[in-house]
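Let me begin by presenting the structure, written as structure tokens, before commenting on it.
This chain uses plain numbering: 1 for the first residue, then up along the sequence. Just so it is clear, the structure is predicted and the values come from calculations on it, not from any experiment. The basis for the numbers below is simple: all heavy atoms, side chains too, and nothing from hydrogens, waters or symmetry mates.
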Amino acid sequence: MLNTRHIPFSPPWQISDVDKPDQPKATELDARPAVARFAELPIVIAEDDLVSRTLIRNLMEKWGFKAVFAQDGHEAMKALRAEQGPALAILDWMMPEMDGLQVCRRIRESEKMVYVIMLTSCGTKENIVEGLHAGADDYLIKPFDKNELLARIQVGFRILELHGALAARVKELEGAAAEIGDLKLRIPL
């Protein structure tokens, strides 16, 4: 028989979140700061499995992100081309017609700034290396932890933000270099 004398007991009212509905649980990440900073950046999600797509859709709605859903690689590419600025893409590897690896390669060929997270059940080291080599920036294996997905999305947005800041600085420097070149031509020697 099991001895239950030394098992700690916490009454339900001590562990309940009833009085704090807007606060995330201690083990749950808070998406609100990321949504506030990156609300306009789209997340394109390509997933052919209805159950996985519904699960991810529910998470995106719960977190408040702007998400565009695609059922295959062709739809994902169409959605990414439609976006004017940078985007984040969450791609399944195995999809009909155009798989996630092909989408990654096409994104990299287009030179559009897209942060790519491969979210797939292909979890061997060889798969991870192949996915990253194809152009993915991050790799998450199914089944996934929702907090880990949110954390990786937040990392992706920070990288996109840094890339945008760097591109703006490069443009400023190019403008300054052009002005210096013009000044050199005007100064008599």
Side-chain angles (χ1 to χ4, degrees), residues 12 15-104 106-107 110 112-123 128 131-132 134-164:
I15 57 174
S16 174
D17 294 343
V18 173
D19 59 326
K20 303 177 262 179
D22 293 339
Q23 298 298 319
K25 295 175 186 158
T27 59
E28 195 171 316
L29 289 179
D30 188 2
R32 291 176 293 186
V35 171
R37 281 178 66 193
F38 307 110
E40 295 306 310
L41 287 177
I43 301 176
V44 175
I45 298 158
E47 175 62 65
D48 64 323
D49 178 61
L50 179 61
V51 174
S52 296
R53 195 169 56 246
T54 303
L55 172 69
I56 295 170
R57 181 183 309 269
N58 290 341
L59 287 172
M60 293 300 136
E61 288 173 2
K62 175 184 173 189
W63 293 332
F65 289 118
K66 174 184 168 187
V68 177
F69 289 87
Q71 295 182 25
D72 59 40
H74 290 295
E75 286 182 18
M77 285 304 300
K78 183 178 177 183
L80 288 166
R81 285 187 191 112
E83 295 299 334
Q84 296 302 315
L88 190 141
I90 300 174
L91 306 175
D92 185 20
W93 182 321
M94 295 181 285
M95 293 183 288
E97 297 182 38
M98 185 189 305
D99 66 23
L101 292 183
Q102 292 169 317
V103 174
C104 277
R106 287 191 181 183
I107 289 169
S110 73
K112 180 177 176 137
M113 186 57 204
V114 178
Y115 189 87
V116 178
I117 300 171
M118 290 292 293
L119 179 59
T120 179
S121 58
C122 301
I128 295 168
L132 295 172
D137 297 296
D138 203 346
Y139 200 99
L140 189 56
I141 301 166
K142 294 178 190 175
F144 62 91
D145 178 81
K146 65 181 180 178
N147 289 314
E148 187 175 2
L149 176 61
L150 177 58
R152 290 170 188 256
I153 289 170
Q154 291 171 332
V155 167
F157 282 146
R158 287 195 306 264
I159 297 294
L160 290 172
E161 183 178 52
L162 289 170
H163 182 272

Verdict with supporting geometry, Lys62 and Leu150, side-chain contact (heavy atoms from CB on, under 4.5 Å): CA-CA 11 Å; Lys62 175 184 173 189; Leu150 177 58; over 6 Å; no

Checking Leu59 against Phe65 for the side-chain contact (heavy atoms from CB on, under 4.5 Å) test, could you report, in this order, the C-alpha distance in whole Å, the side-chain angles of both residues, the deciding distance, and whether it holds? CA-CA 9 Å; Leu59 287 172; Phe65 289 118; over 6 Å; no

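Between Arg57 and Glu61 there is no salt bridge, since no side-chain N of the basic residue sits under 4.0 Å from a carboxylate O of the acidic one.
Pairing each heavy atom of Ser52 with each of Lys142, the nearest pair is OG-NZ, 3.9 Å. The minimum heavy-atom distance linking Lys112 with Gly85 is given by the pair CE-O, 3.2 Å. Closest of all the heavy-atom pairs between Cys104 and Val116 is SG-CG1, 3.5 Å. Between Ala134 and Leu101, the shortest heavy-atom contact is CB-CD2, 3.7 Å.
By the salt bridge (Lys or Arg N to Asp or Glu O under 4.0 Å) test, Asp72 is found to be paired with no residue, residues two or more places apart in sequence or in another chain being considered. Taking the side chain to side chain donor-acceptor pair (under 3.5 Å) definition, one finds that Asn58 meets it with nothing, sequence neighbours left out. Every residue two or more places apart in sequence or in another chain that forms a salt bridge (Lys or Arg N to Asp or Glu O under 4.0 Å) with Asp137 is listed here: Arg108.
Cation-pi contact between Arg53 and Phe69: absent, since separation from the ring centre below 6.0 Å together with deviation from the ring axis within 45° is not met.
In this structure, Tyr139 and Trp93 have perpendicular ring planes: the angle between them is above 60°, well past the 30° mark.
Within the 4.5 Å cutoff, no side-chain heavy atoms of Asp92 are placed close to those of Asp49.
The line from CD1 of Ile56 to CG of Leu119 is 5.0 Å long, rounded to the nearest 0.5 Å.
Among Ile117, Ile45, Thr120, Val103, the single residue meeting the side-chain contact (heavy atoms from CB on, under 4.5 Å) criterion with Leu91 is Val103.
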